[in-house]
Amino acid sequence: MTVTVGQAGLGHWGKNLVRNFDELAELTWICDADEARRVEFGGRYPNARVTASFEEVIADDELQAVVIATPVPTHYPLAKQALEAGKHVFVEKPPAMRAAEMEELVALAEEQGLVLMPGHLLLYHPGVLKLKELVDSGELGDVLCVYGNRQNLGIIRTNENALWSLGVHDLSVILYLIGEQPSQATANGNAFLNKGVEDVVFCYLRFPSGKIAHMHLSWLDPHKMRKLTVVGRDKMAVFDDMELEQKITVYDKAPEEPTGTYGEWRTRTGDVFSPKVANDEPLKLECRHFLDLVENGWDGREMRDGLEVVRALELLTESLHGH
Ligand SMILES: NC(=O)c1ccc[n+]([C@@H]2O[C@H](COP(=O)([O-])OP(=O)(O)OC[C@H]3O[C@@H](n4cnc5c(N)ncnc54)[C@H](O)[C@@H]3O)[C@@H](O)[C@H]2O)c1
């Protein structure tokens, strides 16, 4: 049976989600506060009912799942309303701006036996899955540090800072690769263009095992970078999403301590290779995964991981604002 889906938010990103859900599920409602968008998308998806009222969408007893792609501050109230109405929820990242709110959503979904999946797109990227495989198989040796570069002279946002807009992506991947919660999270940044909205943010994370991570997040930068580097004890790997073909590069490079030379480190430089990474569209994989959870049940992993991301974002925000 095809899952019935209603989507709220048909903006820059919402249009991609709605295209996929129309293809993979039965799109029965589309909802946007903006009239021009309602007219445009109503024409594109004639089988879906069109409304400006989210309440009208969730009042439909036939509707199983809701997709939320509205601006970030509306995620928590809309997701809460949808869960209370008994709907499975896919909500764009981050589902809430406070850990306490995310905890509330998780508790509600658990209580109601509903799916609550945050839109952490990169966790469905075949390149990130390959990186995780390299880490988990021990190919890289013990992971020592991970760092992300997400910078560009890009869209200058006014309602979310670089940490919330860009950092949420890298953070979801760093926590996924390391598999621990940070014991220390500090951030430094500045709002150069719009008062109170940091456009350049540097973050530092330390984990209980001693692993460390860093994120450079900025929309004031000459380089367009979408890169994650993992330094292992035996090998190093880079995921570069700007590369068309070589998304992952593994460097057989490491420090070595030859026998009998205690404390004297040398470096080893071996092959550099690029493993095959499937070309599947991450967004389609993500949408399909949500529908699969709705149809076949789940253990709540995705929403608990989403909660850890919001917790880490909250810690970093407190540090950024000097609390
Ligand atoms: N996963 C990703 O890679 C990715 C990329 C870009 C954006 N996003 C996320 O997608 C979300 C939307 O971003 P966007 O760039 O499409 O924003 P946008 O401003 O282009 O679109 C938001 C739409 O929501 C509508 N809207 C606002 N409040 C509403 C409400 N209460 N009910 C119904 N409609 C409402 C607006 O009219 C607008 O059409 C954000 O949460 C953003 O973080 C995710």
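Ligands are counted one by one from 1 in listed order, and the atoms in each one are counted from 1 as well.
- Just one residue in the list Arg311, Arg98, Arg304 forms a salt bridge (charged side-chain N to carboxylate O under 4.0 Å, His left out) with Glu103, and that residue is Arg311.
- Ring centroid separation for the pair His125 and Phe239 comes in under the 6.0 Å cut-off.
- A salt bridge links Glu139 to Lys235: one of the charged nitrogens lies within less than 4.0 Å of a carboxylate oxygen.
- Ring-plane geometry between Tyr124 and His289 is classed as tilted, the angle between the planes lying from 30 to 60 degrees on a 0 to 90 degree scale.
- For Lys80 and Glu101, the salt-bridge test fails: no basic side-chain N is under 4.0 Å from an acidic carboxylate O.
- Sequence neighbours left out, the pairs with a member in residues 36-51 that pass side chain to side chain donor-acceptor pair (under 3.5 Å) are Glu40-Arg44, Arg49-Asp60, Thr51-Glu56.
- Residues of the protein with a heavy atom under 4.0 Å from ligand 1 are Gly9, Gly11, His12, Trp13, Gly14, Cys31, Asp32, Ala33, Asp34, Arg37, Ala69, Thr70, Pro71, Val72, His75, Glu92, Lys93, Gly119, Leu121, His169, listed by chain and number.
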